[in-house]
Structure formats: structure tokens, C-alpha cells
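Residue numbering restarts at 1 for every chain, and letters A, B, ... go by the order of the sequence lines.
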Protein chains: 2
Amino acid sequence: MPTPTLEDVARHAGVSTATVSRAINTPDRVQEQTRLRVEAAIKTLSYTPNFGGQALASRRTNTVGAVIPTMDNAIFGQALQVLEESLAREGVTLLVATSQYNREREEAQVRALVGRGVDGLILIGAERPPAIYDMLDQRELPYVILWVSSGEGRHVTIGFDNDAAARMVVQRVYDAGHRKIAMIVGVNAGNDRAMKRAEGARKMCAELGLPALRIVESSYTLEAGEYAAQQILSNGERPTAIICGNDVLAAGAIFAARKLGLDVPRDLSIVGFDDIDLARVTLPPLTTVRVPHRRMGRTAARHILDWIRSDQRPDSVVYDAEWVERQSLAPPAM
Amino acid sequence: MPTPTLEDVARHAGVSTATVSRAINTPDRVQEQTRLRVEAAIKTLSYTPNFGGQALASRRTNTVGAVIPTMDNAIFGQALQVLEESLAREGVTLLVATSQYNREREEAQVRALVGRGVDGLILIGAERPPAIYDMLDQRELPYVILWVSSGEGRHVTIGFDNDAAARMVVQRVYDAGHRKIAMIVGVNAGNDRAMKRAEGARKMCAELGLPALRIVESSYTLEAGEYAAQQILSNGERPTAIICGNDVLAAGAIFAARKLGLDVPRDLSIVGFDDIDLARVTLPPLTTVRVPHRRMGRTAARHILDWIRSDQRPDSVVYDAEWVERQSLAPPAM
DNA sequence: TTGTATGCGTTATCAC
DNA sequence: GTGATAACGCATACAA
């Protein structure tokens with residue numbers, strides 16, 4: 001016996017398909033008795049509504065899509081986890097796709113999700129081809145952007161100020177006494193979070209009267225971070241502190257330092273960004289910046305659902321990024 | 001203008017909807033010239049196929065669903081990442097849902113995905129209510145189970161032998177000279193991976209003539225692991241080695257040891273399981289067992305697609321779990 | 001190669 | 001309250 005349809009249920013319960021549909025979607029609009037008959041039929045046939053049919057007829061999918069750069073590390077895991085839970089609680093399914101930090105791939109994924117009829121979209125960062133936003137606007141598809149604070153009024157963003165956070169990091173490192181600072185940051189192209197962090201740090205250095213900040217771009221793996229740090233530590237004047245665009249890079253930098261026989265933080269301070277699990281277990285534990293993962297996830301869920309249901313565009317939200325002092329930052333040795 | 005449909009494209013290109021459909025799905029069956037006209041129309045209208053319509057008409061969704069315990073840590077991230085990439089390369093979208101290590105929730109998620117018409121399903125572990133398997137069988141829905149090796153012939157599994165891996169760990173720890181061993185393992189209920197690991201370790205201890213292995217169940221967070229280790233180290237006879245059911249728990253155990261002033265591995269050896277990123281950055285770096293994350297992801301993609309497309313159930317695959325020696329295991333102090 | 005016509009499973013608009 | 005029945009957007013068998 002193939003998958004049962006609404007019609008099978010109707011036949012089984014001795015009613016029309018319309019009644020079955022009502023019994024499912026608006027149980028109050030159906031007599032108690034018939035409702036029970038329908039429910040029984042559904043159970044015995046173990047009927048599940050066909051998604052395609054539902055989507056086609058109701059023009060809604062109860063689905064929200066999210067495109068994140070990667071699932072390979074824990075950076076987006078927490079936010080996603082909370083997002084998923086919050087949506088599930090409202091009967092909405094989350095579809096997750098990844099872009100591998102790649103522009104074209106992200107565009108394709110957005111289109112794929114839109115094509116699947118998602119009722120709303122969660123995106124990371126605001127930097128992407130305008131054509132995408134045009135498409136979303138044209139379809140009046142609600143979307144919310146996480147991890148940044150400036151949608152320049154055009155977008156609903158739920159995040160934090162990467163620029164300000166990076167400035168804070170530099171300030172703290174400066175306050176600890178460091179004057180020779182370098183930075184490792186994720187590839188900037190198409191990644192406004194990385195870019196803003198680099199920019200903020202650069203400007204803050206300038207404001208503090210430090211020499212131009214040396215910034216090395218790196219891809220997003222532990223090994224890449226290690227390699228970048230090794231470059232920094234082997235060529236040119238050696239910094240006393242390295243600021244990293246995320247915790248994975250920072251962990252890599254710790255490796256590089258250790259291999260060169262440098263003690264962290266005595267010989268070299270290293271600061272991370274994100275505060276993922278990993279930041280607590282490195283040795284020394286990473287001094288880093290805590291990103292409001294869970295709050296972003298929860299708020300994103302609420303906002304996108306509000307928007308979908310009320311058809312009213314919600315406001316942007318800016319959370320604070322929090323300085324987390326552990327043990328990888330110390331005053332420089334004399 | 002609302003979302004354009006196939007008909008809009010057809011009108012725009014001066015052809016029939018059938019031709020547009022063909023131009024999209026079987027471009028070779030359409031004249032170069034008309035194809036170009038259609039493509040132009042698609043572009044100017046920024047048309048995207050309606051998923052519901054597609055699904056309804058073709059009775060396929062080009063979608064594979066996966067239910068994993070959590071996205072909150074990196075344990076499943078790598079496999080999922082590879083899975084997603086491999087599927088995407090074939091034009092198939094991956095839907096990810098999480099169960100929070102919770103039976104009921106997992107069942108609900110499976111049903112939700114089935115309801116959405118996934119063409120196939122990826123599951124973690126074989127332990128779940130038979131009703132679920134019955135439903136999948138009834139619908140003849142292909143599904144592949146990861147992270148375990150024994151589907152007892154009933155299921156297609158792609159994984160490794162958790163029992164054997166745990167035995168190997170015990171053997172190695174024993175070989176290092178340890179005789180007082182304890183274990184922290186993830187909650188067993190509904191988690192056959194955790195259960196098998198506990199079982200394997202227990203039996204191996206027995207075979208080696210060691211006293212009954214003390215096993216503490218713990219939930220899956222760093223903090224829980226820390227707490228469990230603290231219990232082990234504070235009550236009863238203190239072991240010289242703690243075997244952990246996963247790396248997160250092991251990292252927690254390292255914390256606990258440090259807080260008690262114990263040096264790892266001098267005073268206490270700790271062994272992890274999984275070899276996620278985190279395992280390399282702890283101090284000391286974790287001696288652990290490498291799970292074939294990427295191979296499982298890749299093979300799962302291939303197998304599920306084969307099954308979907310050929311309608312022939314593929315074979316199960318067993319990979320080896322690999323011992324990874326780092327620095328958290330050493331002979332016990334005298 | 002292209003067009004016509006039908007059906008996919010559900011919801012929603014009508015009558016009854 | 002309930003039952004016909006018309007969309008919904010697409011793929012496909014069939015005809016041309």
C-alpha cells in the first residue's frame with residue numbers, strides 16, 4: 001500500500017476530503033463525532049499530509065531557511081541550535097544550508113531555499129550581491145540578518161557591532177601594555193564580519209597612535225591560523241600580541257607560538273573572538289570576545305516569525321559583545 | 001508583481017509551459033534557440049521553480065533529511081558538512097533537524113521530515129522505536145544510519161564499531177600500565193553509541209581481569225563532563241585514568257583534574273573519543289579515537305543517492321576508528 | 001522539437 | 001456542518 005492521501009482518509013472515515021482537511025486544520029469547525037472518525041482513520045492509515053500539496057494549496061510551507069558559512073566548526077552551532085528550537089516550538093521547520101564562505105555558493109543556496117518555498121530566511125552578514133536582496137524584496141520574503149549590526153536601514157539585523165568589538169579588543173590589549181600588535185583575520189572578501197573586525201582594529205590602532213596594524217588574512221581552519229601566526233612570528237618585527245578574528249584562528253596561533261617555543265601569554269599574548277567551547281579548553285584558556293550566540297538565535301526566531309505572521313517588518317536589534325578575560329592576554333615581557 | 005510562475009516564463013518567451021519545463025530539466029531536448037529565449041525570460045523575471053508544484057508533479061523533492069542529536073558542538077559538524085557538500089553537488093538539498101538526544105523529539109523530527117517529502121533520510125544510531133522503522137519501510141523510504149556498525153542486517157549502516165573502539169581504548173590504557181580505570185560516558189538511554197562504548201569498555205576490563213569498571217553517565221556538555229570527573233576523583237578510590245565517551249567530556253575532565261591540582265597526564269590520564277577540533281587544543285592535547293567523520297558523510301551521500309535513484313538498497317560499510325596518540329595518556333605514577 | 005492536456009494532494013470557496 | 005469543486009505550479013504522456 002503506497003502512501004495514503006487525504007482522499008484515502010476521507011473514504012476510510014466516510015466523509016469528504018474537505019471535511020478531513022478541516023478536521024486537521026480547523027478542528028472546531030467540525031463535529032466532534034466526525035472529527036473522531038477522521039482522527040481514527042488518520043491513525044489506522046498512519047497518514048501524513050503531503051508537503052507538496054499543502055505548500056501548493058496553502059502557499060505557505062511553515063519553513064524557515066538559514067544559510068550559514070559552515071557547520072564545520074562550532075561558530076554558528078549555538079545560534080542555530082537555539083534558532084531551531086525556538087522555531088520548532090512554533091511548528092516551524094528550519095532548513096540549513098551552507099555557503100562555505102563562498103559568494104556564489106551562498107547565492108545558489110539562497111535561491112534554492114527560496115525555491116523550496118521557505119516562508120522566511122536567516123542570513124549571516126549583510127554583504128552579498130544586491131540582486132539577492134532585490135529578489136527577496138520582490139517576493140516580499142521576510143529575511144533577517146545575523147552577526148552584524150548595520151543593515152544601513154535596508155535590512156533587519158540582529159547582531160552586534162563587529163567594528164566596536166574589535167576596537168574594544170585593541171583597547172584592552174593596549175591597556176595591557178602592548179604596543180606591537182598584529183592581527184589574523186578571516187578572509188575578508190564577502191565577509192563583512194571579518195572586514196569590520198579588521199577595520200575596527202586598524203582604526204583603533206591609529207587612534208591610539210600605534211603604527212599601522214599588520215593584518216594577515218587567513219582561511220578559517222586551525223591549520224590556517226597556525227600558518228598565519230607562524231608567518232607573523234617569523235617575518236618582520238615580532239609583535240607582543242596577536243589579535244585573532246575568531247577563536248579557531250586563535251587556537252591555531254597558540255599552536256604556532258608553542259612550536260616556536262614561545263610561552264603564551266608570557267612571551268606572546270593572543271586574543272580570540274566568538275567564545276566558542278574551544279576557547280575554554282585551550283591552554284592557556286583564551287581571552288576572547290563573547291558573541292551573543294543564543295540571544296541572536298532566539299531573537300531571530302521571534303522576529304522572523306513575527307514578520308511572517310504579521311506581515312510587519314520588525315526592528316533591528318543590537319546586542320553587546322562581551323569581553324571575556326581568561327589567560328591568554330598579559331602585559332608584555334620587558 | 002507576485003512570484004512568477006512557469007506560465008509567466010512561457011508567455012514571456014513565447015513558448016508553452018511544457019517547453020519551459022523541458023528547457024530547465026532536460027535542456028538537450030530543446031532547441032538551442034528556444035532554450036536561450038527561455039533562459040533569458042527566466043533571468044529577467046528572476047524566476048525560481050515552485051517547490052510545492054515540483055514536488056507534487058514529480059513526486060520527488062530532491063531533498064534528503066538528516067536528524068542529528070545536536071549542532072551545539074562539533075561532533076556531527078564535519079560529517080554533516082561533507083554530506084551536505086556531496087549532496088549539493090548532485091543537486092540535492094540537505095535538511096537538518098536536531099533531536100537534542102531526545103527520543104520523542106527525534107521521532108517527531110523524523111515524521112516532520114517524512115511529511116516534507118524527503119526522498120531519503122540520514123539517521124544517527126540505530127536505537128529508536130520500531131514504529132519509526134515500520135513507517136519508513138511502509139513508505140519504502142531509503143534511510144541510512146551513521147555512527148554505528150551493527151544494523152543487525154535490518155538497516156544500512158555506515159559507521160564504525162563503537163564496541164571494538166572502546167575495547168581498543170581500554171587495551172591501550174591497560175598497556176600504558178593503568179589498572180585503576182574509570183569511565184565517563186554520554187547518557188545511554190536511546191544512545192546506542194554511548195551504550196556500546198560503555199559496554200565494550202566494561203567487557204574489555206573484565207577480560208583483562210580488572211575490577212568492574214566504574215562508569216558515570218553524563219550529559220553532553222563540558223560542564224557535565226567536568227562535574228562527572230569531579231565526582232569520580234572525589235569519591236571512592238581515585239583512578240589513574242579516565243576514559244571518556246567523547247572529547248567534550250574529556251575536556252571537561254581535564255578541567256576537573258586541573259581544579260583538583262592534578263597534572264594530566266602525570267597524575268591522571270584522560271582519553272577522549274571522536275577527535276574533534278577541540279581535542280587538539282586542550283592542554284595536554286587529547287589522546288583520543290578518531291571517528292571517520294568525513295568518510296561517513298561522503299559515503300552516506302553516495303549510498304542514499306544510489307538507493308533513491310536505483311531503488312536498490314546499498315550495503316552497509318564499516319570503517320575503522322583510529323587511535324590518535326597525543327599527550328593525555330601516560331603511564332601512571334608509581 | 002514543441003504544444004496540449006492531465007494529474008499530483010491539498011486548501012479554500014462556494015453551495016447546500 | 002458538510003460536500004463538490006476549483007485553484008495552486010509543475011512534470012509528463014501523448015499528440016502533432
Side-chain angles (χ1 to χ4, degrees), chain A residues 1-39 41-42 45-63 91 111-112 114-119 139 141, chain B residues 1-39 41-42 45-63 91 112 114-119 139:
Chain A
M1 172 180 38
T3 2
T5 72
L6 202 67
E7 198 177 332
D8 297 325
V9 177
R11 202 167 19 235
H12 207 86
V15 296
S16 75
T17 60
T19 299
V20 177
S21 179
R22 274 190 294 259
I24 294 173
N25 299 307
T26 51
D28 356 324
R29 302 210 155 287
V30 106
Q31 232 173 9
E32 170 90 10
Q33 201 186 5
T34 52
R35 206 199 63 218
L36 292 176
R37 280 225 309 287
V38 170
E39 282 171 359
I42 288 178
L45 295 176
S46 84
Y47 163 80
T48 316
N50 176 291
F51 178 71
Q54 265 183 332
L56 198 52
S58 71
R59 314 173 74 59
R60 291 193 322 143
T61 59
N62 283 316
T63 297
R111 289 189 187 283
V114 170
R116 310 187 81 66
V118 293
D119 298 331
R139 312 196 173 216
L141 193 71
Chain B
M1 175 179 38
T3 7
T5 72
L6 202 68
E7 199 178 329
D8 297 325
V9 177
R11 202 168 18 235
H12 207 88
V15 296
S16 74
T17 60
T19 300
V20 176
S21 177
R22 275 189 293 258
I24 294 174
N25 300 307
T26 52
D28 357 323
R29 301 209 156 290
V30 107
Q31 233 171 8
E32 169 89 10
Q33 200 186 7
T34 52
R35 207 199 63 218
L36 293 175
R37 278 227 308 288
V38 169
E39 282 171 358
I42 288 178
L45 294 175
S46 83
Y47 163 80
T48 315
N50 176 290
F51 177 70
Q54 267 182 331
L56 200 52
S58 70
R59 312 171 78 55
R60 289 192 322 145
T61 58
N62 284 316
T63 298
V114 170
R116 312 187 78 69
V118 293
D119 298 330
R139 312 197 172 216

S.K.: Report the nucleotide, chosen from C:dT10, C:dT11, D:dG3, that has the shortest atom-to-atom distance to any side-chain atom of A:R22.
M.R.: D:dG3
S.K.: Compare the minimum distances between each of D:dA11, D:dG1, C:dG9 and the side chain of A:Q31, then state the nucleotide with the smallest one.
M.R.: D:dG1
S.K.: Could you check whether A:R59 gets within reach of a base, just the sugar-phosphate, or nothing at all, counting any heavy atom under 4.0 Å?
M.R.: sugar-phosphate
S.K.: Can you identify which nucleotide, out of C:dT10, D:dT12, D:dA4, has its nearest atom closest to the A:S16 side chain?
M.R.: D:dA4
S.K.: Can you figure out which of D:dA11, C:dT10, D:dA4 approaches the side chain of B:Q54 most closely?
M.R.: D:dA11
S.K.: Tell me which nucleotide among C:dG3, C:dT11, D:dG3 gets nearest to the side chain of B:V15.
M.R.: C:dG3
S.K.: Specify the separation, in whole Å, of atom CD1 of B:I24 and atom P of D:dG9.
M.R.: 14 Å
S.K.: Rounded off to whole Å, could you give me the CZ-to-P distance for the B:F51 and D:dA11 pair?
M.R.: 12 Å
S.K.: Rounding to a whole Å, what distance do you find between A:R35:CZ and D:dT2:P?
M.R.: 11 Å
S.K.: With rounding to the nearest 0.5 Å, note down the distance linking OG1 in A:T34 to CZ in A:R22.
M.R.: 9.0 Å
S.K.: Using whole Å, what does the distance between atom P of nucleotide C:dC8 and atom CG of B:L56 come to?
M.R.: 9 Å
S.K.: D:dA11, OP1 or OP2 - any side-chain N/O from B:N25 closer than 4.0 Å?
M.R.: yes
S.K.: Could you tell me how far apart A:R60 (CZ) and D:dC8 (C1') are, to the nearest whole angstrom?
M.R.: 15 Å
S.K.: Starting from P on C:dT10, measure out to CG on A:D8 and report it in whole angstrom.
M.R.: 9 Å
S.K.: Could you tell me the separation between the CZ atom of A:R29 and the C1' atom of C:dT13, rounded to a whole number of Å?
M.R.: 13 Å
S.K.: Distance from B:Q31 atom CD to B:R37 atom CZ, nearest 0.5 Å?
M.R.: 9.5 Å
S.K.: 5'-most contact on DNA chain C: B:T17 or A:T17, nearest heavy atom basis?
M.R.: B:T17
S.K.: Select one nucleotide: of C:dT2, C:dT11, C:dC8, the one nearest the side-chain heavy atoms of A:S21.
M.R.: C:dT11
S.K.: Say you draw a straight line from CD of A:Q54 to CD1 of A:I24; how long is it, rounded to the nearest 0.5 Å?
M.R.: 8.0 Å
S.K.: Would a distance-only check, ignoring hydrogens and angles, find a side-chain to backbone donor-acceptor pair under 3.5 Å from A:T5 to A:E7?
M.R.: yes
S.K.: Can A:T19 and A:R35 be counted as having a side-chain donor-acceptor contact under 3.5 angstrom?
M.R.: no
S.K.: Taking any heavy-atom pair under 4.0 Å as a contact, classify B:V20: base, sugar-phosphate, or nothing.
M.R.: nothing
S.K.: What is the distance, to the nearest angstrom, from the CG atom on A:N50 to the C1' atom on D:dG9?
M.R.: 14 Å
S.K.: If you look at every strand shown and take non-hydrogen atoms under 4.0 Å, does A:T5 touch a base, only sugar-phosphate, or nothing?
M.R.: sugar-phosphate
S.K.: Need one value for A:L6: base, sugar-phosphate or nothing, where a base atom within 4.0 Å counts as base even if backbone is also close, heavy atoms only.
M.R.: base
